[in-house]
Every structure is written in C-alpha cells, then in structure tokens.
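Below: the structure, in structure tokens.
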Amino acid sequence: MANTNSYLIVEPAAFIKGEVTVPGDKSISHRAVMLASLARGRSSIRNFLPSEDCLCTLRAFEAMGVSVEKQGKTHLIIEGKSGVLFPPFEAIDCGNSGTMMRLLAGILTAQPFYSKLIGDYSLSKRPMSRIIEPLRMMGAKIRADGPKDTPPLIIEPSTLKGIEYRLPIPSAQVKSCILLAGLFASGVTRIIEPVASRDHTERLLEQFGVRTIREKGEIILHGGMKLEATDIEVPGDFSSAAFWIGAAAAIPHSELRVRSIGLNPTRTGLLNILLRMGAQIEESIESYSKGEPIGSLWVRGNKLRATVIQGEEIVGVIDEIPILAVVGALADGVTEIRNAQELRVKESDRIKAIVTNLRAFGVEVEELVDGMRIKGKNTVQAARVESFGDHRIAMAFSILALRANKASRIDDVDCIATSYPGFQEDLRALTQSSTEGWAEETKKIKNFIMGSQKFAKATELEKKELPYPVITIDGTTASGKSTVAKEIAKVLGFTYFNTGALYRAVTWKILALGYDVHDEEKAVEACRKLNLRCVIRKEDSFSQASILVDDQQPLEKELRSPEVNEAVSIVASYRKIREWLLPFQRELAYKEPLVVEGRDIGTVVFPESPYKFFLDANLEEREKRREEQGERDNVAQRDRLDILRSSAPLLCPVDAVKLDTTKPSAQKVVEKILDILWKKGLTISRGKMD
Ligand code: S3P
C-alpha cells in the first residue's frame, strides 16, 4: 500500500553528466546466495547487492542453518550445507521478491521438511501456478493457499524426477525454479525455452561445477550433481544502470559513463532498442568475471526517434519497460510497446502504473491490453505521482521528472531499496553539474588549474589575460589537424604545439614503465610522478614545442607506435590526467604566440581564444589517410572514445569555424583559415601576423 510518508522531490535538470557504478546485480545476488548455501565448502561473494530483496534471501538461508560471515555489506563468505538445509522455525518471508519465492520453491520441494513461503502485499497477489505446474509434474507436493494460485506457498517433502518441460511463457524465474529442483531430481531435466531469458542460473551452476547442456533453445541438466564452493564477483546491475542509460541517451547534452556493469547479452536488450532510436552508446567488455561479461558503457544524449518494442524482444527488456516508456515519452513520434502482458503481474500492474503516471506528467498515452502507445514530447509538466509500491516505477518517473518545467514529487519511494539502495544519491550526483549550470562548470575548469601544485604558476596564469594570440585547431583523428596547424604556424611565425603529442608522450612513458593503461588509478598516479618539460625548438622558419618526459624526448616513431595509438585515447579519457595536464598546456601561451592542435583546445584549454577552428572529414577518408601514412590506428574506435569520454570530450566549440576537410587539399584549408584570421583582425606583416 502507498506509504506517502516516503517521497522524493525531483528538480528539473538540463542533462545527466558523470560516471556511475551501480550496486551489484539483483538476479545474480539471489542466485549466488542460493547456490553457495547448497554447495559443499566456503564460497565468497563479492559485490553482493545488500538490497531488501536480496537480504530476504540471505536471511532465509541463515534461518535454514547456513552460516554467513559478512565482511562489510557487500562481501559474504558462505559456508554451504552440501545440499541439505535445516527446517526453518517459521514461515519464510520473501518480502517483495518474486525471484526469491519462485527459485526457493524449486529448492525447497526437494528438502526433507515442510515449509511455507509468504510475501508482502504485492507479492501475495502474484501468480504462482507457473511454477506449481512444472514442479508437480516433477512429483513435488506444493500448493498455493491464496486466491487464484497466489502465495502463501505450502511445500511438503517429496521425491522428484526429471521432466521435459516447454516453457509456456519466457521466464527466467520459472526456468531457474525447475533447474534448481532438477538438481535434486532423478534422471534428466530438459527445459525447452522458445525465447531465451536471462541465463544467470545456468552460468552460475557452471561456476559451482554443475554443467548444463545448452543448445538450440534447450537446457539439459542431469540430476544428482553436487555443487562445489566457488568465488563469485557480482557485476553491477544492468537493470539499475538502465535508468541512467535511458536518461542520458534521451536527454540531449548528457554524457555518462557506467563502469563495472554486467553486460550479459540476455539482459542488454535496452541498448539495441536505444540504438535503434538513434542513441549514441559505446559498449566495452573488459572482463568475464566468473562467466558473466563485465564492462563499461559510454552514453551521450540525443533527441531520439520513436520505435516499436514487441515480440521476442520483450523478454530481454522485461525489467526495462518502465524506463523505455519514459524514453518513448521524450522521443520524436509514437512509441508502441506490445506483447508485454507479463508486466501486469510484476511488482505492480506496470502497464497501468506507467499509463497513469505518464498522463499525470501530461504525456498522451493509450493503454493496450498488452502494452501502450506513447506520444513523445520535449518536456513534460511537473506532477505528483506514486510508485504503486514498485521500485522500477519510482525510479523511471524520477527520470521523467528531470524533464519537467518545475519540481515533481514521487510518493512511496521506500520500495527503491528493494533493488537500488543509493539511487537518490546517484540521481543527485549525476544531475548536479546540470543544476549548478555552466558557470559552475567553468569554475570547475578553473579549479583544475588552481588545484595544481606541480605547475605553481597556474593560478597567476589563469587570472591573466592571454598576452599572445592563440589559434586553436581541434578535430577528429586524421582530419588533417597537424598538417594544417603546422602550415599555419609556419606562415604566421607562431609556435606549433601539438597537445596530442603531450598525451602520446605521457602514454608512451606509462606503457614503458609497464603500467596497464586500463587501470585508471595506477595510470593517474604514474602520470603525476612524471617530470614533464616543454622546450621550444626553432628551426629555420618553423618553431615547435616538444615535450620531454623525465628529460627524455620520445622519438616520433615511439609516439605513433600501434601500442600508443591504441592506448592514447584511453589515457586521455581519464579526467584526473586531463586536469593535471591542463596548466601545462596553458603555460606555453604566456611565452609565445601559438597554434595549438588537439581535441579540447577551444573548449577547455583556451576557451577565451577568439580564433577557433574545428576540422572533420568523413570516416572513410580519414581511415584512408591513416593507411596511407602506414599507421595501424582504429579511427572509428578513437572517435568514440574521444567523443564519449566524460571529461573534456571532443566537441566542436560553439564559437569555432567548422571546416570539412574531406575534399579540399590541406593547402586550401590553410588558405581558408588564414583568410578567416585576417578578417578577424589578425593581419600579416613581414611574414608574421600582429
Ligand atoms: C528475474 C526474472 C524476470 C525479471 C525479474 C528477475 C530473475 O522475471 O522480471 O526482475 O532473476 O530470474 P520473469 O522470469 O518472471 O520474467
């Protein structure tokens, strides 16, 4: 029932910005506790989700004699009971969790004692016939005591046998319940799954030493196999990150990085849908921790296009429909969700809850038996809505509230704790820079400079006006920046400074010292220890700034090696490294007139320069140029890393002149830039500009 004592006030925000690491995966946390409790020996579970739902599972197994050592809130050491649990003294409370009740029922049917499973108001209304039917076919003695096969569940001891069962609805909970019962059944359990649902149980069983055969939509398990203790690292919950991913994708100017997130393909259907809607998302899988892919996502905000979500796609986004409906409400056109009748029996009737709340926010929506049609708009009207006791409804509408004209109120938000403790803090952190506004952003940039100790003069430098002209040339990889910038420097007699070479020099040294550039903390630490110096070399008519690292000047071929090419955009994406190198770049402008080339020169390093240019060319042409230079470089990948990084991403400064260099020769581009500079008032005298 609605607890209007708990509420969340959400202020509008212009965009989402920053990095987030969401808490551990709910589905995996439940399963890890269950399997570790049944295994022989001590298992360790790291990054366990200490949410209400998963704590219910943990308490249930403790009540059945499992000893759990807690090292902080998220690291558990579980001493398994080798398949035989103790009878609990009272009914097992599954709280709000359908996953817990359905999976546990599979385990308890094979235990030699009576048990009773109860749940809260919402869980007490959810259908259990979907598990009762196959479990009874296996020989289980199980019944539901509520109306229409709803909880409580009453389970009596029984002997189980394997069955062949075709899932009538795609459901990971039903599949997992049968597999867990199948562990204790005689013979083979064969599940036919017409549409693949999340496969965490299968993957975890394998980690605990029990192999299932998985092919052509079938899962086969031989009964009687024993689980052996293991160590589990739970990835960040994709379904929790989904709120930020949806928000960042749909709100223009957003920039988000999600770290250490589970990227199991049975869970990431949201990404495919968002990409189809026109989202800018980059995915990188960094490890396979105990069978589950884990990685990072980068998301940039865009105006999205409406889409149709239906059929087999639904199971892969079953928990993401609330946020998808919100994304649809902000997209251009009519988004349709079909074949999602399963939503009517989730933690709330999610179709009704979504439709009611969208209407409160002034969004036009048509309710369908199995989904809805949503007419998108740019902004919505502020509203007071309730969560219907459903965590995902509360979180999804907190996101929609960001796009309202004034503050909105979401009532009954305690339920968020069932899956995402810390949601409100993350909401605050990710919207902070947008509510502080751009003035604050600029202040932060200034703080980088003031915060630096190594470059002591930075504070003074920052306050002073630039004494010499600085021409900024930003652009994409292989867009011709170097050729053009060098030429302009020559013509004007200015010093050429390639800031890319600075990042390359730092990357080269970090690699040479043997650090893994993916380890951000170590890379930052290594960078801070470097002694960087800039020397200006004047040769003939060309003056150039060169970087010395620990008094050594790296060779051009070292700076452009395939290893450095691959690592430089990663090193350059680390905010702390960019902050550290910022005053170093500015310092030079107090010594010489400069032509500075890079990726954030006009936006961050010299935002005050009136002479800004941005070069770009089509991808094919740029790839061709790299090839012609004989360099191995993944241009598209570099673009993505540069554009999507959260700190000082590659952007065309608003006040820059943008030039397409696909067709014109470098000489033509140089002439164009010189012409513009002349018109801006930089005049050439004696071969130099004043
Ligand atoms: C879950 C499976 C899904 C999902 C739920 C968690 C699981 O339910 O909605 O949040 O952990 O197995 P269904 O299997 O009923 O679709």
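Order of listing sets the numbers, starting from 1, for every ligand and every atom in it.
- When each of S171, S176, C177 is tested with V174 by the rule side-chain contact (heavy atoms from CB on, under 4.5 Å), just one qualifies, namely S171.
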Next on the checklist: For a side-chain contact (heavy atoms from CB on, under 4.5 Å) check, start with the C-alpha distance between I273 and V317, then their side-chain angles and the critical distance, and finish with the verdict.
Outcome noted: CA-CA 9 Å; I273 294 171; V317 289; 3.8 Å; yes

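- Remark: ligand 1 and P170 share no N or O pair separated by less than 3.5 Å (distance only, no angle test).
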Item to check | Candidate pair R350 and D390, rule side-chain contact (heavy atoms from CB on, under 4.5 Å), full reasoning | outcome: CA-CA 8 Å; R350 284 191 178 154; D390 185 333; 2.7 Å; yes

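- Atom numbering of ligand 1 starts at 1 in the shown order; those under 4.0 Å from a heavy atom of S171 are 13 (P), 14 (O), 15 (O).
- Of the protein's non-hydrogen atoms, Q173 CG, 3.6 Å is the one closest to atom 2 (C) of ligand 1.
- Not one N or O of R392 is nearer than 3.5 Å to an N or O of ligand 1, by distance alone.
- In this structure, S43 contributes its side chain and T230 its backbone to a donor-acceptor pair below 3.5 Å.
- If you look at K175 next to ligand 1, there are no close heavy atoms at all, none under 4.0 Å.
- Between K346 and ligand 1, at least one N/O pair is under 3.5 Å apart.
- Between the CG atom in L117 and the CE atom in M100 there is a gap of 7.5 Å [rounded to 0.5 Å].
- Contact atoms of ligand 1 toward I318: 9 (O) (distance under 4.0 Å to a heavy atom of the residue).
- Taking a 4.0 Å cut-off on heavy atoms, R31 registers as neighbouring ligand 1.
- Remark: minimum distance from atom 10 (O) of ligand 1 to any protein heavy atom is reached at D319 OD2, 2.8 Å.
- Looking only at protein heavy atoms, the nearest one to atom 6 (C) of ligand 1 is T99 OG1, 3.3 Å.
- With S29 contributing its side chain and L49 its backbone, the two residues share a donor-acceptor pair below 3.5 Å.
- Ring geometry for F361 versus F397: interplanar angle under 30°, hence parallel rather than tilted (30 to 60°).
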